[in-house]
Structure formats: structure tokens, C-alpha cells
Amino acid sequence: GAHLAAKTVIVQEAAYHSAGDGTEHMLYDAIGSGEALVFQDGTVTPAVWRKDSVYDRTRFLTTAGTEIPLNRGTIWIIVVPPGYVTYS
């Protein structure tokens with residue numbers, strides 16, 4: 001019955017492909033870049049995510065290219081297929 005909460009929620013769009021194991025499992029491409037939405041402090045910021053290699057961390061940037069400072073605390077990231085991130 002407890003409520004779940006996060007300081008920041010990020011919707012990250014990434015390409016995907018079949019896991020090839022005979023199931024419906026999909027594998028998302030975590031290396032590269034794509035669109036995102038960052039929800040924190042009651043606002044939503046259209047963003048771009050970027051991860052250059054397996055050893056780098058994923059960075060979330062404004063559409064102008066400035067890194068978005070994320071709030072301390074719980075951060076939830078959901079990865080979705082291309083076409084899911086829209087903002088107007």
C-alpha cells in the first residue's frame with residue numbers, strides 16, 4: 001500500500017531489436033543518442049541523451065546541448081521505442 005516516488009523521472013527513447021532467443025524480449029541500444037524528456041521540480045524538459053561507450057555514463061542534455069543537472073535522490077529512467085517521446 002505504500003506510494004512510490006522519485007525526485008526525477010526520465011523517459012529515454014532508444015532503438016531496439018529482438019533478443020533473438022525465440023521470445024518477445026527486446027534489447028534496447030544503450031550506446032548512442034536519442035530524444036528524452038526529463039521530469040523534475042514540477043516541470044518537463046525536452047532533452048537529448050548521449051552515451052558514447054559502454055564505460056561512459058548516460059548524460060541528459062538540453063536541446064541546446066547543456067547538461068541537465070539532476071536532483072539528488074531517486075531517479076527513474078524508462079526506455080521506450082522510437083516515436084514515444086513527444087512534447088509540445
Side-chain angles (χ1 to χ4, degrees):
H3 290 269
L4 301 175
K7 297 287 263 178
T8 302
V9 175
I10 299 171
V11 180
Q12 177 180 335
E13 188 177 271
Y16 67 97
H17 58 277
S18 171
D21 61 359
T23 68
E24 293 185 28
H25 293 132
M26 303 305 287
L27 301 175
Y28 285 88
D29 298 330
I31 309 300
S33 64
E35 295 184 38
L37 295 174
V38 178
F39 297 85
Q40 62 183 358
D41 300 327
T43 64
V44 59
T45 304
V48 175
W49 67 270
R50 187 178 73 220
K51 184 172 181 174
D52 296 329
S53 77
V54 68
Y55 302 106
D56 292 317
R57 68 180 178 89
T58 303
R59 297 184 182 276
F60 296 94
L61 313 167
T62 65
T63 54
T66 306
E67 188 162 356
I68 298 170
L70 302 178
N71 291 338
R72 288 184 177 264
T74 303
I75 298 171
W76 287 344
I77 300 172
I78 182 169
V79 181
V80 297
Y84 277 67
V85 173
T86 59
Y87 181 76
S88 54

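Remember, predicted model here, so these are calculated numbers, not experimental data.
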What heavy-atom pair brings Gly32 and Trp49 nearest, and what distance separates the two atoms? O-CZ3, 3.3 Å

Are Val44 and Ile75 connected, step by step, through hydrophobic side chains (Ile, Leu, Val, Met, Phe, Trp, Tyr) whose heavy atoms are closer than 4.5 Å? no

Can Leu4 be reached from Ile78 by stepping across I, L, V, M, F, W or Y side chains whose heavy atoms are under 4.5 Å apart? yes

Within a 6.0 Å radius of atom OH on Tyr16, are there more than 12 heavy atoms belonging to other residues, nucleotides or ligands? no

When rounded to the nearest 0.5 Å, the distance separating CZ of Arg50 from CG of Asp56 is 9.0 Å

Mind checking the CD-CG spacing from Gln12 to Leu37? Nearest 0.5 Å is all I need. 11.0 Å

Are Phe39 and Val79 in one and the same hydrophobic cluster, where Ile, Leu, Val, Met, Phe, Trp and Tyr link if side-chain heavy atoms are under 4.5 Å apart? no

Residue that, paired with Ile10, satisfies side chain to side chain contact (heavy atoms under 4.5 Å, CB included) out of Ile68, Thr58, Thr45, Leu70: Leu70

Hey, what do you get for CD (Glu67) to CZ (Phe60), rounding to the nearest 0.5 Å? 10.0 Å

Closest heavy-atom pair and its distance - Ala6, Val9: CB-CG2, 4.2 Å

Shared hydrophobic cluster, Val48 / Val11 (ILVMFWY, side-chain heavy atoms < 4.5 Å): no

To the closest 0.5 Å, what do you measure between CZ (Arg57) and NZ (Lys51)? 11.0 Å

Lys7 NZ to Arg72 CZ distance, which is reported to the nearest 0.5 Å: 11.5 Å

What's the separation between atom CG in Asp41 and atom OG1 in Thr8, rounded to the nearest 0.5 Å? 7.0 Å

More than 12 heavy atoms of other groups within 6.0 Å of His17 NE2: yes

What do you reckon, is CD1 of Ile31 surrounded by more than 12 foreign heavy atoms closer than 6.0 Å? yes

Closest heavy-atom contact between Ala14 and Tyr28? O-CD2, 3.5 Å

Report the C-alpha distance between Asp21 and Thr23 in whole Å, list the side-chain angles of each, state the deciding distance to 0.1 Å, and finish with yes or no for side chain to side chain donor-acceptor pair (under 3.5 Å). CA-CA 5 Å; Asp21 61 359; Thr23 68; 2.5 Å; yes

Indicate the atoms forming the closest heavy-atom contact of Val38 with Ala47, along with that distance. CG2-CB, 4.0 Å

